[in-house]
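Please read the structure below before turning to the comments.
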Number of protein chains: 2
Amino acid sequence: MEAVSLLQHHVEQQLREEGGLSSVQFQLLARLAHGPGALTMTELADGVVYSRSGLTYQAGLLEKAGLIERGPSPGDERAIQVAITQKGRDLVEHVLPGHAEVVRSMLFDPLAEADVETLGTLMNRVRDHMRALPPRSAAPRRKRSE
Amino acid sequence: MEAVSLLQHHVEQQLREEGGLSSVQFQLLARLAHGPGALTMTELADGVVYSRSGLTYQAGLLEKAGLIERGPSPGDERAIQVAITQKGRDLVEHVLPGHAEVVRSMLFDPLAEADVETLGTLMNRVRDHMRALPPRSAAPRRKRSE
DNA sequence: TATTGTTATACTCTATAACTATA
DNA sequence: TATAGTTATAGAGTATAACAATA
């Protein structure tokens, strides 16, 4: 956890300095940039943000900065399609090299290629396990008297 | 990183619900509880908090809650010794089982024993590597025109 | 009735800079 | 001059609950 904390801290700094982005904002942009097209707010939030209002807040900032656009969703009148703008793509491209460099120099550098592979395999397994857990209500963690 | 994010989120929740603690506060208390005796503020901050004022803030909260005590430091009149109180120890003990259960069920459960070992080895290596890097000034990341 | 998204609000946390005091 | 710690302050981020609109 200490390694992760250090890594996150350095990543945050690089993204902030070179792009004015928090890592949450970067993740949202990156998801939009790499995916096929637009996503709904709910799809976009998945795995990045843990409250609806949190995403609304972040999306508001990104839209105000001209990095994303929100529009109606064809299939569902309640939903909103979020798409990245060219400016958003440009910013991601601008920030990406530095980001990759931070991750490489801090995380990958001390690991052999096989180690990186192993780490990926293990953590993918952990992630899949956690995503498969009950969302957070049938949790078997209640005390008897609460 | 998604796995880590999910884990952190669940850990935060458990600590908050069962102990009213943030994970930073828990780390500070745990460090004091397990170590031999008192630590100075600077020693305590190491690896947990990234600004002096951040630690002063958190220590203020913990002291107000009666979980730690601050006193003068024998060797150095500038420094302050921070010690955990009995109440602090009790709280750590109270929260610990649930914390261990979260980590076990979410992180260790999907991994074999050897995997846990491997993960620890790799991440220790990464941590040591990161701690050995130049503190953050000789960083070769400045732009030519800034 | 459930789901999508927003708003209002309150709160926690963090960081920067200025400051005091000791080494 | 450098280090230990605090304070003031400002800003960013998050979550909860109430809300409106559509499925």
Side-chain angles (χ1 to χ4, degrees), chain A residues 5-6 8-17 19-29 38-65 68-83 135-137, chain B residues 5-6 8-17 19-29 38-65 68-83 135-137:
Chain A
S5 170
L6 286 165
Q8 286 176 334
H9 193 246
H10 285 262
V11 165
E12 285 274 355
Q13 283 203 165
Q14 183 269 330
L15 292 174
R16 186 70 67 188
E17 282 170 16
L21 294 172
S22 70
S23 72
V24 164
Q25 290 158 4
F26 176 69
Q27 285 177 66
L28 295 175
L29 286 181
L39 296 175
T40 66
M41 294 287 280
T42 298
E43 290 165 348
L44 184 56
D46 183 47
V48 178
V49 162
Y50 297 94
S51 71
R52 294 175 162 282
S53 62
L55 178 58
T56 297
Y57 171 75
Q58 292 295 343
L61 293 183
L62 293 174
E63 189 173 42
K64 201 181 308 176
I68 64 170
E69 280 173 345
R70 283 187 278 196
S73 186
D76 189 332
E77 295 275 335
R78 298 170 302 182
I80 285 189
Q81 291 277 352
V82 183
R136 151 163 115 96
S137 55
Chain B
S5 170
L6 285 165
Q8 286 176 333
H9 191 247
H10 285 261
V11 165
E12 285 273 355
Q13 283 204 163
Q14 184 269 331
L15 293 174
R16 185 70 68 187
E17 283 170 16
L21 294 171
S22 70
S23 73
V24 164
Q25 290 159 3
F26 176 69
Q27 284 178 66
L28 296 175
L29 286 182
L39 298 175
T40 66
M41 294 287 280
T42 299
E43 289 166 347
L44 184 56
D46 183 47
V48 178
V49 162
Y50 298 94
S51 71
R52 295 176 161 281
S53 63
L55 179 57
T56 297
Y57 172 75
Q58 292 295 343
L61 293 183
L62 293 174
E63 191 173 42
K64 201 181 308 176
I68 65 170
E69 281 174 345
R70 281 186 278 194
S73 186
D76 189 332
E77 295 275 336
R78 298 169 301 181
I80 284 190
Q81 291 278 352
V82 184
R136 153 172 120 90
S137 56

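The structure presented is a predicted model; accordingly, all values stated were derived computationally and were not measured. What's counted below: heavy atoms across the whole structure, side chains too, no hydrogens, waters or symmetry copies. Letters A, B, ... mirror the listed sequences (proteins, then strands); counts begin at 1.
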Backbone N/O of B/Gly60 and side chain of B/Glu63: donor-acceptor pair under 3.5 Å: no
CD (B/Glu69) with more than 12 external heavy atoms under 6.0 Å: no
Spacing between B/Leu55 atom CG and C/dT12 atom C1', to the nearest angstrom: 16 Å
Distance test, side-chain N/O of B/Gln58 to OP1/OP2 of C/dT14, below 4.0 Å: yes
Touch class at under 4.0 angstrom, heavy-atom based, for B/Thr42 against every strand present: sugar-phosphate
Sugar-phosphate only, base, or nothing, as touched by B/Gln81 at under 4.0 Å among non-hydrogen atoms: nothing
Donor-acceptor under 3.5 Å (B/Gln81 side chain, B/Pro74 main chain): no
First encountered from the 5' end of DNA chain C, between B/Gly75 and B/Ser51: B/Ser51
Touch class at under 4.0 angstrom, heavy-atom based, for A/Leu61 against every strand present: sugar-phosphate
Closest to side chain of A/Arg78, choosing from D/dA4, C/dT4, D/dG5: C/dT4
Minimum-distance nucleotide (side-chain atoms of B/Ser53 versus C/dT14, C/dA17, D/dT14): C/dA17
Sugar-phosphate, base or nothing in reach of B/Val24, heavy atoms under 4.0 Å: sugar-phosphate
B/Asp76 side-chain proximity, nearest of D/dA23, C/dT22, C/dA15: C/dT22
Under 4.0 angstrom between B/Ser22 side-chain N/O and C/dC13 OP1 or OP2: yes
Proximal nucleotide (of D/dA23, D/dA12, C/dC13) relative to the A/Glu77 side chain: D/dA23
Nucleotide C/dT12, atom C1' - distance to CG of B/Leu15 in whole Å: 15 Å
For atom CD of B/Glu63 and atom P of D/dT6, their distance in whole Å: 9 Å
Whichever of A/Leu21 and A/Arg52 has its nearest DNA chain D nucleotide further upstream toward 5': A/Leu21
Closest non-hydrogen atom pair between A/Ser73 and A/Thr40, with its separation: OG-CG2, 4.3 Å
B/Gln25 side-chain N/O to B/Ser22 backbone N/O, donor-acceptor pair under 3.5 Å: yes
Nearest-neighbour nucleotide for the A/Tyr57 side chain, C/dC13, D/dT14, C/dT7 considered: D/dT14
Sugar-phosphate, base or nothing in reach of B/Ser73, heavy atoms under 4.0 Å: nothing
Residue A/Thr40, side-chain heavy atoms: nucleotide from C/dT22, C/dG5, C/dC13 that is nearest: C/dG5
